[in-house]
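Residue numbers count from 1 along this sequence.
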Amino acid sequence: MTIGSAVSVFAYAHDQLRKTTVLFYDFDDEMMACYQQLHNSVSMLATCSKIWHIEASGAVYDPKYHAGATNLLRRKATAIGKAKPPFVKTNIETIAVYVGRQTLYFFPDKVLVFDRDGVGAVSYNQLFVNVGNRQVVENEAVPRDALVVGKTWKYVNKSGGPDRRFKGNTEIPVCLYENLSFTSHSGLNELLQLSKTGYGESFSHAIEILGKKVITS
C-alpha cells in the first residue's frame with residue numbers, strides 16, 4: 001500500500017490512561033521524493049541563527065518612543081526540527097514546528113496540530129504557507145546571519161533623526177527578516193520569523209507539492 005494510494009493504518013493500544021496511535025506509511029518513489037523535499041527544506045530552515053514564534057503584534061501610537069517603529073511584536077525563540085509527537089508510533093521521521101501552545105507535526109499526508117486541548121489535523125491541500133520579508137527594529141543582539149539594512153535611533157524625531165531631548169539615545173540596527181505564516185480554513189493561524197531570508201520559499205513550495213499530491217492520491 002502506498003501514499004500514492006495514501007494509506008495510514010491506525011491501531012489503538014491503551015496503557016493505563018494513555019492511548020497510542022500507530023501510523024504506518026509505505027511510500028511509492030514519487031511520494032518519497034515529495035516528502036524528502038519537505039525534509040530538505042526544513043533542514044535549511046533549521047540552519048537559521050534565530051527562529052521566533054510571533055505571539056502577538058500591535059500598532060504603535062507614538063513611534064518616537066519606539067525607535068520609529070509603527071508596529072511592535074511579542075516574540076519568543078523557537079525551533080524547527082525532526083521529532084515525533086507524543087503517543088504516536090510511526091515508521092517515518094516527522095518534522096516538528098513549535099509555535100507557542102501548539103506544536104505542528106508534519107506527516108506525509110497531513111499536519112497534526114497538538115495543543116493542551118487535544119489534537120487536530122490539517123491536510124496539505126488545506127494548509128497555506130505564505131512567505132514575506134519584513135524590516136524589524138532589532139532591540140536584541142543581531143543574529144549572525146541577519147541582513148542589517150539600516151539604522152535608527154532609540155528615540156527619533158519627526159524627521160527620523162535622533163531626538164536630542166533624551167540622553168543615551170543610541171543607534172539601533174534595522175534587520176531584514178523573513179516571515180513564514182501558517183493558516184488554514186479550520187482556524188490555524190501561526191507566524192514564524194526567520195533571521196535569514198531566502199529559505200522560506202523552498203518550504204512553502206514543498207508544502208504546495210504535497211497538497212497537489214494529496215488531491216491526486
Side-chain angles (χ1 to χ4, degrees), residues 38-63 65-86 93-106 111-117 119-120 122 124 127-154 156 170-184 186-208:
L38 180 66
H39 274 264
N40 293 344
S41 67
V42 167
S43 295
M44 292 174 60
L45 294 180
T47 66
C48 291
S49 179
K50 280 286 187 178
I51 302 173
W52 297 277
H53 173 235
I54 305 303
E55 298 177 327
S57 64
V60 172
Y61 296 101
D62 197 345
Y65 294 108
H66 298 281
T70 57
N71 192 273
L72 291 180
L73 302 177
R74 188 172 79 233
R75 66 188 187 183
K76 187 175 182 180
T78 189
I80 297 175
K82 296 178 181 180
K84 292 183 179 180
E93 286 189 312
T94 55
I95 297 161
V97 178
Y98 303 95
V99 285
R101 289 182 45 203
Q102 296 182 323
T103 304
L104 313 181
Y105 291 96
F106 290 75
V111 178
L112 295 183
V113 183
F114 280 66
D115 65 24
R116 66 189 67 176
D117 299 320
V119 182
V122 180
Y124 284 114
L127 177 64
F128 307 100
V129 179
N130 293 311
V131 182
N133 292 341
R134 177 169 182 168
Q135 292 188 17
V136 176
V137 176
E138 185 53 83
N139 292 298
E140 300 177 9
V142 175
R144 64 178 182 274
D145 57 358
L147 176 63
V148 177
V149 294
K151 292 184 178 180
T152 185
W153 298 90
K154 185 176 181 181
V156 297
T170 56
E171 280 190 308
I172 299 175
V174 178
C175 297
L176 185 66
Y177 294 149
E178 189 164 74
N179 282 357
L180 196 61
S181 70
F182 301 84
T183 59
S184 72
S186 58
L188 181 66
N189 186 15
E190 299 292 350
L191 178 63
L192 296 181
Q193 196 163 80
L194 312 174
S195 59
K196 186 175 179 62
T197 62
Y199 285 174
E201 286 293 347
S202 62
F203 179 80
S204 177
H205 184 59
I207 295 294
E208 184 181 355

*Asks:* So, the side chain of Thr94 versus the backbone of Ala83: is there a donor-acceptor pair under 3.5 Å, distance only?
*Replies:* yes
*Asks:* Give, for atom NZ of Lys76 and atom CD1 of Ile54, the distance between the pair rounded to the nearest 0.5 Å.
*Replies:* 13.0 Å
*Asks:* Work out which heavy atom in Lys196 is nearest to a heavy atom in Asp145; give both atom names and the distance.
*Replies:*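 Answer, listing the atom of Lys196 first, then Asp145: CB-OD2, 3.6 Å.
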*Asks:* Hey, is the main chain of Arg101 close enough, under 3.5 Å, to the side chain of Asp115 for a donor-acceptor pair?
*Replies:*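 Not a single qualifying donor-acceptor pair exists.
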*Asks:* Among Ser195, Cys175, Ser49, exactly one meets side chain to side chain contact (heavy atoms under 4.5 Å, CB included) together with Val142. Which residue is that?
*Replies:* Cys175
*Asks:* Between Thr78 (side chain) and Tyr98 (backbone), is there a donor-acceptor pair under 3.5 Å?
*Replies:*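 Yes, the answer is positive, given that a donor and an acceptor are paired below the 3.5 Å cut-off.
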*Asks:* Tell me the closest heavy-atom pair linking Gly100 and His53, and the distance in Å.
*Replies:*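 Heavy-atom minimum between the residues: N-ND1, 3.4 Å.
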*Asks:* Out of Val99, Ile95, Val122, which residue meets the side chain to side chain contact (heavy atoms under 4.5 Å, CB included) rule with Leu104?
*Replies:* Val99
*Asks:* Return the OG to CG distance between Ser186 and Leu127, rounded to the nearest 0.5 Å.
*Replies:* 9.0 Å
*Asks:* In the structure I gave you, are the side-chain heavy atoms of Phe106 and Ile207 within less than 4.5 Å of one another anywhere?
*Replies:*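 Heavy-atom side-chain distance check passes, below 4.5 Å.
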*Asks:* Measure the shortest side-chain to side-chain distance between Val136 and Gln193 over non-hydrogen atoms and say whether it is less than 4.5 angstrom.
*Replies:* yes
*Asks:* What are the two closest heavy atoms between Ile51 and Leu45, and how far apart are they?
*Replies:*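 So the two residues come closest at CD1-O, 3.5 Å.
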*Asks:* Working to the nearest 0.5 Å, report the span between OG of Ser204 and CZ of Phe182.
*Replies:* 9.0 Å
*Asks:* With a sphere of 6.0 Å drawn around NE2 of His39, does it hold more than 12 non-hydrogen atoms of other residues, nucleotides or ligands?
*Replies:* yes
*Asks:* Tell me whether Arg75 is salt-bridged to Glu140, with the criterion being a basic N under 4.0 Å from an acidic carboxylate O.
*Replies:*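 Yes, charged N to carboxylate O under 4.0 Å.
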*Asks:* Which pair of heavy atoms, one from Glu178 and one from Gly198, lies closest together, and at what distance?
*Replies:*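 Smallest interatomic distance, heavy atoms only, reads OE2-N, 2.9 Å.
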*Asks:* Can you tell me which residue among Asn40, Val129, Val131, Leu192 is in a side chain to side chain contact (heavy atoms under 4.5 Å, CB included) with Phe203?
*Replies:* Val129
*Asks:* Tell me the closest heavy-atom pair linking Pro143 and Trp52, and the distance in Å.
*Replies:*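 Smallest interatomic distance, heavy atoms only, reads CG-CH2, 3.8 Å.
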*Asks:* Once rounded to the nearest 0.5 Å, what's the spacing between atom CG of Leu194 and atom OH of Tyr177?
*Replies:* 11.0 Å
*Asks:* Atom CG of Leu112 and atom CD of Gln102: how far apart are they, to the nearest 0.5 Å?
*Replies:* 12.0 Å
*Asks:* Roughly how far apart are Leu38 CG and His205 NE2, rounded to 0.5 Å?
*Replies:*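 The CG atom of Leu38 sits 11.5 Å away from the NE2 atom of His205.
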*Asks:* Taking the side chain as every heavy atom from C-beta outward, state whether Phe128 and Leu188 have any pair of such atoms under 4.5 Å apart.
*Replies:* no
